[in-house]
Enquirer: 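First, the structure itself, so that you have it in front of you.
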Amino acid sequence: MLQKISELTAPVSGALEEDRIILMENEVYRLPQTHREIQVLSGIAWITLDQQDIILQSHEKASLPPSKNLAVISALNNMPLILAVWQDKNQAMRF
């Protein structure tokens, strides 16, 4: 289940690496399975994973459960969307 966390702190684990993603109107991004933490820095995100949807607003964060599917992210309200996403470096090295 997608879980929303309303806090502005980054994951604490040293095994995580942060990436930034910027989406403009009508753009869609498929988040790799190695990315499990996501935070909206600016804008509003619509995230779909395993037939579940979650809306995150600026400064909200979500933990994505392990899945065989990719999370799909798009921007809402005709505003640019800026995201911070965290990838498990150890898991990424396996692919």
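On a predicted model such as this, the values are computed, not experimentally measured, just so you know.
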Enquirer: Is a donor on one side and an acceptor on the other found under 3.5 Å between the side chain of Gln52 and the backbone of Leu49?
Expert: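 Absent.
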Enquirer: Can you find a pair of side-chain heavy atoms, one from Val72 and one from Tyr29, that are under 4.5 Å apart?
Expert: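 They are not in contact (no side-chain heavy atoms under 4.5 Å apart), so the answer is no.
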Enquirer: Taking all heavy atoms of Ser42 and all of Ser58, pick out the closest pair and write down the distance.
Expert: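 Residues Ser42 and Ser58, closest heavy atoms: CA-OG, 3.8 Å.
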Enquirer: Nearest 0.5 Å please: distance from the CD1 atom of Ile38 over to the NZ atom of Lys61.
Expert: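 NZ of Lys61 is found 11.5 Å from CD1 of Ile38.
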Enquirer: Of Ile22, Ile21, Leu56, Leu31, which meets side chain to side chain contact (heavy atoms under 4.5 Å, CB included) against Leu83?
Expert: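 Single pass found, and it is Ile21.
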Enquirer: Quick check: does any side chain N or O of Gln33 sit under 3.5 Å from a backbone N or O of Lys68, one acting as donor and the other as acceptor?
Expert: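 Yes; at least one donor-acceptor contact below 3.5 Å.
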Enquirer: Might you point out which heavy atoms bring Ser63 and Glu37 nearest each other, and give the distance in Å?
Expert: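 Taking every non-hydrogen atom into account, OG-OE2, 3.0 Å.
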Enquirer: Can you see which heavy atom on Pro32 is nearest to which on Leu70, and at what distance?
Expert: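 Nearest pair, atom of Pro32 first, then Leu70: CA-CD2, 3.9 Å.
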Enquirer: Do His35 and Leu64 have side-chain heavy atoms sitting under 4.5 Å apart?
Expert: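 No. Closest side-chain heavy atoms not under 4.5 Å.
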Enquirer: Ile82 and side chain to side chain contact (heavy atoms under 4.5 Å, CB included): which single residue from Val40, Leu23, Leu41 fits?
Expert: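 In the set Val40, Leu23, Leu41, the residue that makes a side chain to side chain contact (heavy atoms under 4.5 Å, CB included) with Ile82 is Leu41.
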Enquirer: Give the minimum heavy-atom separation between Ile73 and Ala45, together with the two atoms involved.
Expert: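 Where Ile73 meets Ala45 most closely, the heavy atoms are CG2-CB, 4.4 Å.
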Enquirer: Grab the two heavy atoms, one from Arg20 and one from Ala84, that are nearest each other, plus how far apart they are.
Expert: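 Smallest interatomic distance, heavy atoms only, reads NE-CB, 4.0 Å.
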Enquirer: Looking at every heavy atom in both Ser67 and Arg36, which two are closest together, and how far apart are they?
Expert: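 For Ser67 and Arg36, the tightest heavy-atom pair comes out as N-NH1, 4.1 Å.
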